[in-house]
Number of protein chains: 2
Amino acid sequence: MVMKLNSYDRVLLRAVQEDARVAQSELGERASLSTAAVNRRLKLLSSEGVIERYTACVNPKAVGYDLTIVVEVKVESERADLLDEMQRSFAACPQVQQCYYVAGDCDFVLIFLVRNMEQYVELTRQLFFKSNNVKSFKTLVAMNRVKTGMAVPVDE
Amino acid sequence: MVMKLNSYDRVLLRAVQEDARVAQSELGERASLSTAAVNRRLKLLSSEGVIERYTACVNPKAVGYDLTIVVEVKVESERADLLDEMQRSFAACPQVQQCYYVAGDCDFVLIFLVRNMEQYVELTRQLFFKSNNVKSFKTLVAMNRVKTGMAVPVDE
DNA sequence: CCTGAAATATCTAAAAG
DNA sequence: CTTTTAGATATTTCAGG
């Protein structure tokens with residue numbers, strides 16, 4: 001599960017997280033590596049699961065998704081089967097961008113991306129009221145997406 | 001700011017969010033479009049800012065980042081200059097993966113990705129205690145990353 | 001808005017040091 | 001790890017409907 005990374009790999013990982021479209025020849029220059037070596041290492045990083053996938057980052061506003069909402073959910077029962085079912089329904093909802101099962105003073109943190117408040121309200125009905133296992137939830141409306149992304153620090 | 005999307009664009013956006021490495025010829029087949037048309041539309045989507053960038057998704061565990069922590073921060077003062085300075089310092093920290101400025105019962109929601117608790121504690125000192133504008137913060141440790149990513153729904 | 005063909009560029013794999 | 005080579009793929013441009 002944990003691949004041994006050398007310092008070339010680290011340079012590559014930082015670079016492709018920032019911009020996955022830079023040519024391998026260009027990556028080679030930055031990492032002081034041949035193009036062939038870059039190719040080999042990137043492929044290895046993918047096959048070892050260090051790089052999980054490549055994706056395009058879409059600007060939510062550009063497709064009419066203007067509202068980001070963070071929600072804290074408390075559950076009624078911690079029964080495993082009920083929690084599993086909740087997680088499945090959360091994960092299956094396209095407007096739930098992220099979901100974390102947490103320890104602390106709530107049980108789930110969800111990040112919604114919705115078109116408007118109406119859509120959010122409708123989704124809370126579907127996801128929270130229907131399940132009968134949500135004790136309460138707290139809504140935090142984002143005024144500013146200060147920092148977004150899934151970038152992973154690669155240090156050393 | 002808002003580009004008019006046709007139904008080809010929507011198919012393309014869904015596809016490249018899932019996997020940015022599919023060939024344009026393959027995308028063309030899926031969208032019933034020529035390769036050249038796919039190329040042109042993707043380039044347009046980028047230049048119009050609909051697609052912000054392309055990125056590699058790195059598995060945090062594979063690089064030793066095993067802990068995801070959600071933090072709610074309450075501030076002392078809402079003075080604009082103080083808030084700006086906080087946002088800058090949060091955004092500048094590589095272990096702060098995401099940061100939202102929110103309305104509701106706290107002011108900021110941060111998502112940390114850290115190696116271990118020690119690192120988290122150290123970062124809270126730097127980011128929260130130094131600023132002198134953090135009234136309190138609440139730590140939620142993720143037991144399960146149920147759903148992650150920055151995927152944006154593209155409907156219609 | 002589209003297509004199809006031609007020209008480039010990039011990636012991949014193999015061979016050899 | 002390197003370089004070089006060569007062939008397969010992918011991207012981009014261009015002419016034209």
Side-chain angles (χ1 to χ4, degrees), chain A residues 1-59 61-64 149-152 154-156, chain B residues 1-59 62-64 149-156:
Chain A
M1 172 129 232
V2 177
M3 168 182 170
K4 172 99 180 169
L5 302 175
N6 62 28
S7 75
Y8 295 130
D9 295 323
R10 291 182 229 280
V11 175
L12 296 178
L13 286 175
R14 277 189 285 264
V16 295
Q17 284 192 100
E18 229 175 66
D19 178 4
R21 305 222 106 184
V22 38
Q24 295 179 354
S25 57
E26 162 72 19
L27 289 174
E29 288 177 23
R30 288 195 221 163
S32 319
L33 217 52
S34 69
T35 304
V38 170
N39 189 269
R40 198 151 23 78
R41 299 224 63 83
L42 283 179
K43 189 181 301 185
L44 195 61
L45 287 166
S46 284
S47 69
E48 295 288 317
V50 179
I51 293 175
E52 291 176 327
R53 63 205 189 93
Y54 291 88
T55 182
C57 301
V58 170
N59 177 358
K61 281 195 186 176
V63 294
M150 281 286 147
V152 176
V154 179
D155 32 40
E156 205 132 332
Chain B
M1 172 129 232
V2 177
M3 169 181 169
K4 172 98 180 171
L5 302 175
N6 62 27
S7 75
Y8 294 130
D9 296 323
R10 290 182 233 280
V11 175
L12 295 179
L13 286 175
R14 275 188 287 264
V16 295
Q17 284 192 98
E18 228 174 67
D19 178 4
R21 304 221 108 185
V22 282
Q24 295 179 354
S25 57
E26 163 72 20
L27 290 174
E29 287 177 23
R30 289 197 219 164
S32 320
L33 218 52
S34 70
T35 304
V38 170
N39 188 270
R40 196 161 36 73
R41 300 221 64 81
L42 284 178
K43 190 179 301 184
L44 196 61
L45 287 166
S46 284
S47 69
E48 294 287 317
V50 179
I51 293 175
E52 291 176 328
R53 62 205 190 94
Y54 291 88
T55 182
C57 300
V58 170
N59 177 357
V63 294
M150 281 285 147
V152 176
V154 180
D155 31 41
E156 206 129 331

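Order of the sequence lines sets the chain letters (A, B, ...), proteins ahead of strands, with each chain counted from 1.
Minimum atom distance to the side chain of Ala23(B) is reached by dT11(D), of the listed dC1(D), dT11(D), dT10(C). In the set dT2(D), dC1(D), dT4(D), dT4(D) carries the atom at the smallest distance from any side-chain atom of Ala36(A). Distance from the side chain of Asn6(B) is smallest to dC2(C) among dT2(D), dT12(D), dC2(C).
Contact annotation: Lys43(B) does not reach the phosphate of dT11(D) (side-chain N/O to OP1 or OP2, under 4.0 Å). Put simply, Gln24(B) has no side-chain N or O that comes within less than 4.0 Å of OP1 or OP2 on dT9(D). At the phosphate of dT12(D), neither OP1 nor OP2 sits under 4.0 Å from any side-chain N or O atom of Arg40(B).
The separation between Tyr54(A) atom OH and dT10(C) atom P is 16 Å, rounded to whole Å. Whole-Å rounding puts the Leu27(B) CG to dT3(C) C1' distance at 17 Å. Protein atom CG of Leu45(B) is 16 Å distant from nucleotide atom C1' of dT11(D), rounded to whole Å. Whole-Å rounding puts the Leu44(B) CG to dC2(C) P distance at 10 Å. For the pair Leu33(B) CG and dA10(D) C1', the interatomic distance rounds to 16 Å; values are reported in whole Å. In this structure, Arg41(A) places its CZ atom 10 Å from C1' of dC1(D), rounding to the nearest Å. Atom CD of Glu26(B) is separated from atom P of dT11(D) by 11 Å (rounded to the nearest Å). Atom CG in Asn39(A) sits about 12 Å away from atom P in dC1(D), given to the nearest Å.
Looking at which nucleotide of DNA chain D each of Thr35(B) and Ser34(A) is closest to, the 5′-most match is held by Ser34(A). For the pair Ala37(A) and Arg21(A), nearest-nucleotide mapping onto DNA chain D gives the more 5' position to Ala37(A).
Proximity of a side-chain donor or acceptor of Arg14(A) to a complementary backbone N or O of Val154(A) within less than 3.5 Å is detected.
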- Check the pair Glu26(B) / Glu29(B) against side chain to side chain contact (heavy atoms under 4.5 Å, CB included), numbers first and verdict last. CA-CA 5 Å; Glu26(B) 163 72 20; Glu29(B) 287 177 23; 4.2 Å; yes
- Task: Tell me, with the steps shown, if Leu5(B) and Leu13(B) meet side chain to side chain contact (heavy atoms under 4.5 Å, CB included).
- Result: CA-CA 10 Å; Leu5(B) 302 175; Leu13(B) 286 175; 4.1 Å; yes
- Under the side chain to side chain contact (heavy atoms under 4.5 Å, CB included) criterion, do Leu27(B) and Leu33(B) qualify, and how do the steps go? CA-CA 8 Å; Leu27(B) 290 174; Leu33(B) 218 52; over 6 Å; no
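Residue Glu18(A) qualifies as open at atom CD: its count of foreign heavy atoms under 6.0 Å is 12 or below.
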